[in-house]
Each structure stands twice: as structure tokens, then as C-alpha cells.
Q: 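Before anything else, here's the structure in question.
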Amino acid sequence: MEETNKEWLEEEKRIELVLKELDRKLHSLKRKTGGIKEDIIGLRKNFWDDVTLNLADENEAVETFSSIKQQAEVLSERERSHKQFYSQLKKFLKVKDSPYFGRVDFLEDGDETAESVYIGLGSLMDEKEERFLIYDWRAPISSLFYNHAPGSAQYEVPEETINGTIELKRQFLIKNGRLKAMFNTDMAIGDELLQEVLGNQANIQMKSIVATIQKEQNQIIRNDTSRYLIVEGTAGSGKTSAALQRAAYLLYRGRGRIESNQLLLFSPNLLFNSYVANVLPELGEENIQQTTFQEYLERHLGKQVACETPFDQLEYCLTASENEDDPGRMKSIAYKSSLAFKALIDNYASYLAKGHLLFKNIVFRGKRIVAADQIRDFFQTLDSSEPLPYRIELTAKWLLKILKTQEQEERKKEWPLEKIELLDKEEYLKVYKQLQEERRFAGDTFDDYEREQDLLAKMIVEREFKPLIQAVKALGFIDFKRTYLQLFSDWNHSVPRPDGWESICAYTAKSFHYSRMPYEDAVPFLYVKNHIKGGGKNTSVRHLFIDEAQDYSPFQLAFLKQLFPACKMTILGDFNQAILAHTSREKALLSKDVFEGEKTETIKLKRSYRSTREIVEFTKRMVKGGDEIEAFNREGVKPTLTVSADEAAHHEKIATCIRGLQHKGRETIAVICKTVQECREAARHLQNDTELKLMDKETRTFRKGVLVIPVYLAKGIEFDAVILYDGSKKRYWRERERTLFYTACTRAMHELHLFSLGEESPFLNDIPGGMYTRR
């Protein structure tokens, strides 16, 4: 006991030493940032005072531009310095509350004394800048803390492995600069610290996990070798957290070589974007690019094409009964998600390259200038051995020449003069001033009215032709929609089609007739378009993170692989949470056809940290292979099942449950429903009993309180307590809905309560009665 007290006092003294050094550095940084800020304000305010403007002759103009450039460079340098110092200031302010969380005493082979390595959110050196007081958790030596127990250990530095022995491994809980707890451990991270973190309430934003990173998560974070890193992790295993810490690690390792805007995360929905937005800033890094796959598709489809969202597609599949399902739609979703359809399009691209593209008429003021047949005839005269995108470019140039000639012809017609007469005073003066400016530089004079009219007509015609020219440059003369639909005709009888091809074709034609592209057609449509246009590749992104990747089809993953040819990928998923209609039950994430011949590594996370042991043991019996899921040893209450025969009793019991949870201090309570329509129904019945927030696909922020939310928007998020609004047989009975049911239940951290209006779902049949409480 005396030895323990001595060690405690020594650690407290060290914390005081570290805080003293932090205060010294903070004082210095505040002084520097304040001084630089004043410099920047002064430079901006007096920018033009320090520049001599003289454009009298060429030499004076060159000197003037050189002076401006020099002044701008000084300002830019001061702004960069301010940003750097301010970034350090913010980091040290974060570190001050909890300077570090771990210690490893490491004796390197050949040395006589061990080095005490303290690990925290960021590095801190002593006053002389000679010795590390704290090592950044991403530093190579810090991997000792995550990967090894006391005993023989090693860590990697560039081109070398450092071997030695860990003599002591210690964890700390420091809050507000005060030591609250410490303990030695023979594990990667002791259960005591995890219990402290996981026992807390859910937060409206995901938090950093650097103090509790487990060995298998650390393998994900520090993986430097795999081009495609695939992470299969059970619900609550820390997949997304590890991926975001990985992003922070990559930025740390690539400092000066890679920027935050060169990393991109595809997240499942807008709400999730808000949920994870604070993780990287908390680690002192700028946020990486973040979007949903749907947003990415919409940007590339353009405003002319309205596309169904994946959630609308899912709502369709969930609300249609087996008898009402459109067989063409379901077959269409399945086939258009496959690599077989991608192969069909590749074959179709060869057909298009032989001259079978479909074009549009080019029309100006209601008159056809160039007919689609004329464009086709010109295109077919081009050398078919040349790449298709090159021939498209030549066709565009040919059309631009025609438009230029036609534009000159239009100036001679009556309509430009009529337009001149209709110009209002303000517009006329604006045009007139532009003409005066042109005349001044060209040396012209407006001595006669006719010349003025000609120039005004020229300007008006150019303005009218501008949208047409821009459309041709954007390849608007190609009828991409009809060209895509031509794919579903008999263009090549030798190419095999799937069973039900006729119904797929019929459904596709019908859906495009209503001018809204089904979600399953979005990627195939863009793939056809890229074959025609060429390009479409993004080489600026160095690393792509795909979260909830089990909901991406094989075609979509192959498409992303082609779109981002220069980057590495971290692909995260759990097949037990696959909810979208096109999801393959054959583990498409690992498809050899998608990643064949690539440097691919798979890491499996089987331990769930989110939920209590009681919830994990309950939920894992719902899914195939659930026996492999391991529960973290955090005790709680058993899940409950409440069955009601009528609606009034059903809603009264749910309202009572919500009140009970609020009385316990549960801050985030999710009432999870199957569909948006069910969410509206639940909110209508419950809103008189409690204040609640209805969440839908447009919701962008996550708040505390009682949330009514469809299960597909709850993916990736955790709540203190989950209420499954209606887990009855009539709601969840089709096998394809099993993963939806499981996903809803695994959002709960501390309490899970299932309510059923009528007989409960058959997905509960395999769960022993002793694992939950029936009410």
C-alpha cells in the first residue's frame, strides 16, 4: 500500500510538471498568435498603401505587379504562421484537461535503463525541446501501448524494427488536470478504463477512442501495406471509430505530403455526417471530405436527372407485400446490382463504339440547326479504331464550327433588331458601355447608327447562343437517356441475358417514362456515360473510406474502384446489418471479382463494446453466425418484450416506458420504426405524452431527447436506450427483414425494450426465454 501511495504521488508530481510546461507553452503561443493577428490586420488594412501603382509604361507595370506579389506573399506567410500557431494553441488547450492516458516503460535491447513513454492526444516536449514529456498516440513508439502486454515487445520505425522489453504498462484517468485513477495492466487496454468510458451516456457526437483502442482496432488504424483494407466488424465493434482514428493517423504520418481534403469518407446518411463531425477536430486534425454516395451520384448525374434515393428504394421494398411486389422491379434491382450487368455494359460499350450512339437535334429559337441524323452521319465517318471519347470530342468541335457559322448568319436576321428595341434602359446602357470599352481598345468610333446596331446585334446573338455552345461543350448533343435505354433492346442476340429480362426491360422503360431514375439505375447510367465521355476518374483522392459497405452492391464497389484508381481504400461493413434491397447475401464486400489481383487484407472485429452483455447475448441469436460475436463484460438489465392486443394499450405502455427511462436519466432514447410512415404514426400517438423529435432523411443534426427514427437512419449511431416501436410478426416476418430487425436492436447501449402490437416477430423464436423479460 505504501509503495502504491508513493507511485501515486510521483505521478501527481509529474502531471504538475507537465501542466506547468503546458501553461508556459500556452502563454507563449497566445502571445505569438496575438502579435501575428495584429500584423495580419495591419497588412490587410495598409495593403495598398505599401504598393506603388504605376502603369504608365511596361517596365513600371512589371514593377507594380512585382510589388503587389511581394506584399501578398508577406501577408500569406503571416496568415500561414498564424494558422500553425493557432492550431498548436487549440491542441494544447485540449491536452491540458487530460494530458495523457497511458505509460509504457520500455527497455530497448542494448540499453541499461528503460524509457518511460507517456502517451496522449498530442506530443509535448520539455522546455529545452530535448525530451518528450508526452508522445502523440500515433507515434511509432506509442504502438507498444496498444499492441503488447508487459514482456518482449517491438515497434516499427521506417526501415527498422526496435526490439526490447516492456517493464511496466500503466493506464491513467485524468480529468481537469487531476489524477482520478491509475492502474497497471497486462492487457492492451484494461477493462477498468473501458468500463468507465462505455458506462457513460450516449453522446450526440461520436467521441475519439484513442485512450481505449484495442489491439485489433490498432491493426486497422496503423495498416500501411494494404491497398484495400476490408474491415468486417460486428455491431458496436468500433469499425467507424477505428476508421476515423485511421484518418487521423494517415494525416499524422503523411504530414507535408497529404492534406485532409485528399481523404474522403462515404457515410450512410446526412445525420451520420453530423454524428462523426467532431472526431477529427477533437484529435487536432481538420475534417476530411465527407459525403454520402447518393450526394456523389447526384452531383455527377447533374440537375437534369432526378434520381430516387436508396431510402426511397428501401421504403418501396418494405411497404410492398410479397403479392404486391413488382416482379420486374425486384429482378431489376437484383440484376442491375451485379457484376454480370457491369459485364453486359462493357459489351454494350463496344457496340456503341461501332457507331450506335443516339443523338439529339440541336435547336435554336424553335428551329432545328443540326439534325440528330446529321450528327450520327458525321460521327460514323470518323475512324472507328480511334477511342470513342476522342471521336466524341471531334464531333463536338465540328458542331461548334457549325454553331459559329450559324451565329454569324443569325446576326443578319430581323430578330436581333427586334430584341434591341425591347432592351430596357438599364440593359441598353450596360450593353452600350461594354461597346464603348471595346471601341476604346479597338480604336473604333461610333460615328454611324448602323455600326452601333451591328455591334449590338452581335452581342445579343452571342448571348443567345452561349447556352447552346455550353451545352455542346458539355456533350448535350448526345442523348444519354435513350442511349442507356437502348441497352435494354435486342442490340446483340449473342450476349446472354438473365432470366426475367423482359420484365426488367419493361420496368426500366416504364420508370424512365416518368422522368425519375430508379436508384438501381444510377450507377449503371453513369457507367455507360463514362464509357462514352471518357474520364470521370478522381485522382486527387489519396484514401477513400467506405462506411456501411455491406449496403453497396458489387457493381457499385467495382464502379468506385474505377472512379478512384489512384487511392487506397478502407472498406467497413457488417453483413448482419445489410438492409438495402440490392445487397448481396454472398458477401459481395469480399468478392474476388471486384478485388482480384489486388493487395487486399481483411480484419475481423468480433467483440461488441457498444451494448451490455445482456443485449449482445440477446441480439446475436437473431443472425446467422451470431455465435462468433463476443460481448464485452459490462453488465446491465435484460431486454424486455411487451405484447399488446390493441393500439391504445400498445401506445400507453410505450409512453410509460419512455417516462421510466427519462426518470432514470437516459438522455438519448430512440423509438425505432421500420419505415418513415410508421415513424409518423408513432409520433402522432406519442407526441401528447412526451416531447419528441421526428427524424427523416433530410435531418442533418443529432440531438438528445426522445427521437422517433426509421432504422435505416439509425445505422452507425448509438443510443442510451432503444424502443422497438412494433416488433410484431406483421411488421417483421420476411427473411430479408431479419437484418433490419437486428440493426434496430443493436443501436442500444444500456437498455433495449421491444414492443409488439399482436404476435411478436418470428426472429425472436430462437432466443431462449431466459435472455429477456416478457411483460
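One-based numbering along the sequence shown.
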Q: Donor-acceptor check, side chain of Lys239 to backbone of Gly233, threshold 3.5 angstrom: yes or no?
A: yes
Q: When you measure from the side chain of Glu614 to the backbone of Gly636, do you find a donor-acceptor pair of N or O atoms at a distance under 3.5 Å?
A: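 Looks like yes, one N/O pair under 3.5 Å.
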Q: Looking at Met622, is its backbone amide N or carbonyl O close enough to the side chain of Arg738 to form a donor-acceptor pair, meaning the two atoms are under 3.5 Å apart?
A: yes
Q: So, Gln677 and Glu681: side-chain donor and acceptor under 3.5 Å apart, yes or no?
A: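 Result is no, nothing qualifies.
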Q: Can a donor-acceptor pair be found, under 3.5 Å and without considering hydrogens, that links the side chain of Asp551 to the backbone of Leu580?
A: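 Yes: the side chain of Asp551 pairs with the backbone of Leu580.
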Q: Identify the heavy atoms of Asp726 and Leu757 that sit nearest to each other, and give their distance.
A: OD1-N, 3.1 Å
Q: What do the steps show when you test Phe545 against Phe266 for ring pair (Phe, Tyr, Trp, His ring centres under 6.0 Å), and what is the final call?
A: CA-CA 6 Å; Phe545 296 85; Phe266 278 132; over 10 Å; no
Q: Quick one: is the NZ or CZ of Arg329 closer than 6.0 Å to the six-membered ring centre of Tyr316, and within 45° of its axis?
A: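 Yes.
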Q: Could you label the plane-to-plane angle of the Trp501 and Tyr335 rings as parallel, tilted or perpendicular, counting under 30° as parallel and over 60° as perpendicular?
A: perpendicular
Q: Under 3.5 Å, is there a donor-acceptor pair between the side chain of Ser611 and the main chain of Ala748?
A: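 Judged by distance alone, yes, a pair lies under 3.5 Å.
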Q: So do the side chains of Leu280 and Ile288 get within less than 4.5 Å of each other, counting heavy atoms only?
A: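 Counting from C-beta outward, Leu280 and Ile288 do come under 4.5 Å.
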Q: Without swapping roles, check the side chain of His651 against the backbone of Glu647 for a donor-acceptor pair under 3.5 Å.
A: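 Yes, His651 side chain to Glu647 backbone: donor-acceptor pair under 3.5 Å.
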Q: Without hydrogens or angle criteria, can the side chains of Thr291 and Glu295 be said to hold a donor-acceptor pair below 3.5 Å?
A: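 Thr291 vs Glu295: donor-acceptor pair found between side chains.
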Q: Working note: Lys336 + Thr508, criterion side-chain hydrogen bond (donor to acceptor under 3.5 Å, both in side chains); need CA distance, chi angles, decisive distance, verdict.
A: CA-CA 11 Å; Lys336 291 173 184 175; Thr508 304; 2.7 Å; yes
Q: Taking all non-hydrogen atoms of both residues into account, name the closest pair between Lys620 and Glu617 and its distance.
A: CE-OE1, 3.3 Å
Q: Any salt bridge linking Glu737 with Arg731? Criterion: basic side-chain nitrogen under 4.0 Å from a carboxylate oxygen.
A: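 Here Glu737 does not pair with Arg731 in a salt bridge, since their nearest N and O are not under 4.0 Å apart.
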Q: Would you say the rings of Trp733 and Phe763 are close, in the sense that their centroids are separated by under 6.0 Å?
A: no
Q: I'd like to know whether His753 forms a side-chain hydrogen bond (donor to acceptor under 3.5 Å, both in side chains) with Thr642, so could you lay out the CA-CA distance, the side-chain angles of the two residues, the decisive distance to 0.1 Å, and finally the verdict.
A: CA-CA 8 Å; His753 302 284; Thr642 304; over 6 Å; no
Q: Salt bridge between Asp766 and Arg621, side-chain N to carboxylate O under 4.0 Å?
A: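 Arg621 and Asp766: not salt-bridged.
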Q: Any salt bridge linking Glu718 with Arg610? Criterion: basic side-chain nitrogen under 4.0 Å from a carboxylate oxygen.
A: yes
Q: State, without any angle test, whether Glu548 and Gln550 hold a side-chain donor-acceptor pair at a distance under 3.5 Å.
A: yes
Q: Would you indicate whether Asp646, at its atom CG, is surrounded by more than 12 heavy atoms from other residues, nucleotides or ligands within a distance under 6.0 Å?
A: yes
Q: Is the side chain of Arg736 donor-acceptor paired with the backbone N or O of Cys317 at a distance under 3.5 Å, no angle test?
A: yes
Q: Regarding Thr690 and Arg659, is there a side-chain donor-to-acceptor distance under 3.5 Å anywhere?
A: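 No - no donor-acceptor pair under 3.5 Å links their side chains.
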Q: Can you classify the ring geometry of Tyr712 versus Phe311 as parallel (below 30°), tilted (30 to 60°) or perpendicular (above 60°)?
A: parallel
Q: Apply side-chain hydrogen bond (donor to acceptor under 3.5 Å, both in side chains) to residues His750 and Arg634 and explain how you reach the verdict.
A: CA-CA 9 Å; His750 306 297; Arg634 181 166 66 88; 3.0 Å; yes
Q: Using 30° and 60° as the class boundaries, would you call the ring planes of Phe341 and Phe555 parallel, tilted or perpendicular?
A: perpendicular
Q: Does the side chain of Glu652 pick up a donor-acceptor pair with the side chain of His650 at under 3.5 Å?
A: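 Their side chains do not contain a donor-acceptor pair, so the 3.5 Å distance test is not met.
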Q: Applying side chain to side chain contact (heavy atoms under 4.5 Å, CB included), name anything that partners Gln562, two or more places apart in sequence or on another chain.
A: Lys342, Tyr527
Q: In terms of heavy-atom contacts, does NZ of Lys653 have more than 12 from other residues, nucleotides or ligands at under 6.0 Å?
A: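 Yes, NZ of Lys653 has more than 12 neighbouring heavy atoms, counting only those of other groups under 6.0 Å.
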Q: Identify the heavy atoms of Leu694 and Ala683 that sit nearest to each other, and give their distance.
A: CD1-CB, 4.3 Å
Q: Has the side chain of Ser608 got a donor or acceptor atom that lies under 3.5 Å from a matching backbone atom of Ala235?
A: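 A pair under 3.5 Å: yes.
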Q: In this structure, is the centre-to-centre distance between the rings of Tyr725 and Phe755 below 6.0 Å?
A: no
Q: Please work out whether the ring planes of Tyr275 and Phe272 are parallel, tilted or perpendicular, with thresholds of 30° and 60°.
A: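 If you compare the ring of Tyr275 with that of Phe272, the planes turn out tilted.
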Q: How long is the gap from CG on Leu339 to CG on Asp346, to the nearest 0.5 Å?
A: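 It is 10.0 Å, given to the nearest 0.5 Å.
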Q: Are the side chain of Gln556 and the backbone N or O of Tyr552 linked by a donor-acceptor pair below 3.5 Å?
A: no
Q: For Thr612, what residues pass the side-chain hydrogen bond (donor to acceptor under 3.5 Å, both in side chains) criterion, not counting sequence neighbours?
A: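 Once residues adjacent in sequence are excluded, Thr612 has no partner under the side-chain hydrogen bond (donor to acceptor under 3.5 Å, both in side chains) criterion.
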Q: Ignoring hydrogens and geometry, is there a side-chain-to-backbone donor-acceptor pair from Glu751 to Val722 under 3.5 Å?
A: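 The answer is no, because no donor-acceptor pair under 3.5 Å joins these two groups.
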Q: Below 4.5 Å, heavy atoms only, C-beta onward: do Cys673 and Ile709 meet side chain to side chain?
A: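 No - every pair of side-chain heavy atoms lies 4.5 Å or more apart.
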Q: Would Asn576 and Thr739 count as having a side-chain donor-acceptor pair, cut-off 3.5 Å?
A: no
Q: What's the shortest heavy-atom distance between Ala277 and Asn287, and which atoms?
A: O-ND2, 2.7 Å
Q: Thinking salt bridges, do Lys697 and Asp312 make one under a 4.0 Å N-O criterion?
A: yes
